[in-house]
Amino acid sequence: MTASAYDWSSTLKGFHDQAWKSLARGVADRRAAARHPTLATVGLNGGAEARTVVLRAADRTDGMLELHTDRDSEKVAELHANPAASLHIWDLRVRMQIRLRVLIRCHQGALATERWQQVPSVSRWAYGGNPAPGGLIHRPTDYRADTDVDRFMLLLCTVQSMELLHLAEDGHRRALFRRADGFAGNWLAP
Ligand SMILES: Cc1cc2nc3c(=O)[nH]c(=O)nc-3n(C[C@H](O)[C@H](O)[C@H](O)COP(=O)(O)O)c2cc1C
């Protein structure tokens, strides 16, 4: 890819636009980098916890992202204790690191019921196994997969800030966009 392919990185607006393009692509294309962000939370013992998740929706207008999980997974207990979390993506295609600070609301209301209708039956087995995710078992097969709509939970992420780092041969570029000032953005030293 030539330097001109990264023209978007010369303005704050272009930079911000590109990040949301990456996120939208992650939702639409299962091979895109942003399909699988790393979600970091504060663990119940105070340490950092990180795991891969699937990005299910990205709404730029409201600065919202959506993830799906099992209600009985450890991350939900962590988010109830501390809703502040981070999402991390490295999009090699545009050589951009996206760091999102988010507040996460664990949701099981009407929107979750609506989303459940769109979850393919083969994927519904990810919600409802016994024992719950992370439970100790004696053998790897001591586990019964099950599907339980009551265990299906949305993680609704409100983006508080978005920090972008673009690696380019003619100089790296870094910028921070914060909800507090309407995501106007500031350049940072890379
Ligand atoms: C490619 C990939 C995609 C995953 N997607 C999800 C997901 O969308 N939601 C989820 O809860 N776990 C997902 N997982 C499993 C998590 O990484 C994690 O192992 C699991 O949720 C338990 O995490 P916890 O104990 O911290 O709650 C995925 C794992 C991989 C490897």
Side-chain angles (χ1 to χ4, degrees), residues 19-20 22-60 62-94 96-160 162:
W20 278 102
S22 283
L23 294 170
R25 197 179 150 108
V27 174
D29 177 357
R30 54 181 71 225
R31 283 165 307 174
R35 180 70 166 193
H36 293 121
T38 300
L39 167 67
T41 49
V42 178
L44 295 176
N45 61 4
E49 296 289 342
R51 79 287 281 161
T52 310
V53 290
V54 175
L55 182 62
R56 301 292 179 177
D59 175 354
R60 178 177 180 166
D62 294 330
M64 296 286 301
L65 303 172
E66 184 181 311
L67 315 170
H68 297 170
T69 197
D70 185 318
R71 177 201 65 196
D72 291 349
S73 65
E74 185 93 0
K75 71 178 81 54
V76 174
E78 293 167 359
L79 289 167
H80 281 314
N82 185 348
S86 293
L87 287 161
H88 170 269
I89 295 154
W90 162 238
D91 190 341
L92 175 63
R93 202 178 54 92
V94 287
M96 187 196 278
Q97 172 177 257
I98 304 174
R99 296 166 75 184
L100 299 154
R101 291 191 189 91
V102 295
L103 287 177
I104 298 188
R105 186 162 63 88
C106 301
H107 175 82
Q108 287 197 296
L111 183 62
T113 310
E114 190 185 315
R115 290 288 196 268
W116 180 254
Q117 303 310 318
Q118 297 153 13
V119 177
S121 47
V122 61
S123 305
R124 291 185 177 184
W125 295 94
Y127 313 96
N130 193 16
L136 266 185
I137 50 181
H138 293 293
R139 288 168 306 205
T141 51
D142 285 350
Y143 166 81
R144 187 171 51 81
D146 204 351
T147 157
D148 179 356
V149 63
D150 292 337
R151 295 261 297 274
F152 179 64
M153 179 166 263
L154 305 189
L155 301 180
L156 302 177
C157 310
T158 304
V159 176
Q160 301 299 309
M162 176 185 270

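Order of listing sets the numbers, starting from 1, for every ligand and every atom in it. In this text the structure is predicted, and so the values were computed from the model without any measurement.
In this structure, the protein non-hydrogen atom closest to atom 19 (O) of ligand 1 is Arg51 CB, 4.7 Å. Ranking protein heavy atoms by distance to atom 20 (C) of ligand 1, first place goes to Lys75 NZ, 3.7 Å. In terms of protein heavy atoms, atom 25 (O) of ligand 1 is closest to Glu74 CB, 3.6 Å. The shortest contact between atom 9 (N) of ligand 1 and any protein heavy atom is with His68 O, 2.8 Å. When hydrogens are left out, the protein atom nearest atom 2 (C) of ligand 1 is Thr52 CG2, 3.7 Å; that is the closest non-hydrogen contact.
No part of Glu78 comes within 4.0 Å of ligand 1, judged by heavy-atom distances.
Within the 4.0 Å cut-off (strictly below), a protein heavy atom is located near atom 17 (O) of ligand 1.
In this structure, Arg151 contributes its side chain and Gly129 its backbone to a donor-acceptor pair below 3.5 Å. Between the Arg71 side chain and the Val76 main chain, no donor and acceptor come within less than 3.5 Å of each other. Arg124 contributes a side-chain N or O that, together with a main-chain N or O of Trp116, makes up a donor-acceptor pair within less than 3.5 Å. Using modelled atom types, one side-chain atom of Arg51 and one backbone atom of Leu39 make a donor-acceptor pair closer than 3.5 Å.
The closest approach between a heavy atom of Glu49 and any atom of ligand 1 is not below 4.0 Å.
Side-chain atoms of Glu78 and Asn82, non-hydrogen and from C-beta on, never get closer than 4.5 Å to each other. Considering only heavy atoms from C-beta on, His68 stays 4.5 Å or farther from Leu155 through its side chain.
Polar contact check, Asp70 against ligand 1: no nitrogen or oxygen pair lies under 3.5 Å apart. An N or O contact shorter than 3.5 Å is missing between His36 and ligand 1 by distance. At a 3.5 angstrom cut-off on N or O pairs, Val54 counts as close to ligand 1.
The one candidate from Asp70, Thr147, Val119, Thr69 that meets the side chain to side chain contact (heavy atoms under 4.5 Å, CB included) condition with Phe152 is Val119.
Near Thr69, meaning under 4.0 Å from one of its heavy atoms, ligand 1 places the atoms 10 (C), 11 (O). Within ligand 1, the atoms closer than 4.0 Å to a non-hydrogen atom of Ser73 are 27 (O), numbered from 1 in the order shown.
Atoms CZ and CG, on Arg115 and Leu111 in that order, are 4.5 Å from each other to the nearest 0.5 Å. Rounding to the nearest 0.5 Å places CG of Leu100 at 8.0 Å from OG of Ser86.
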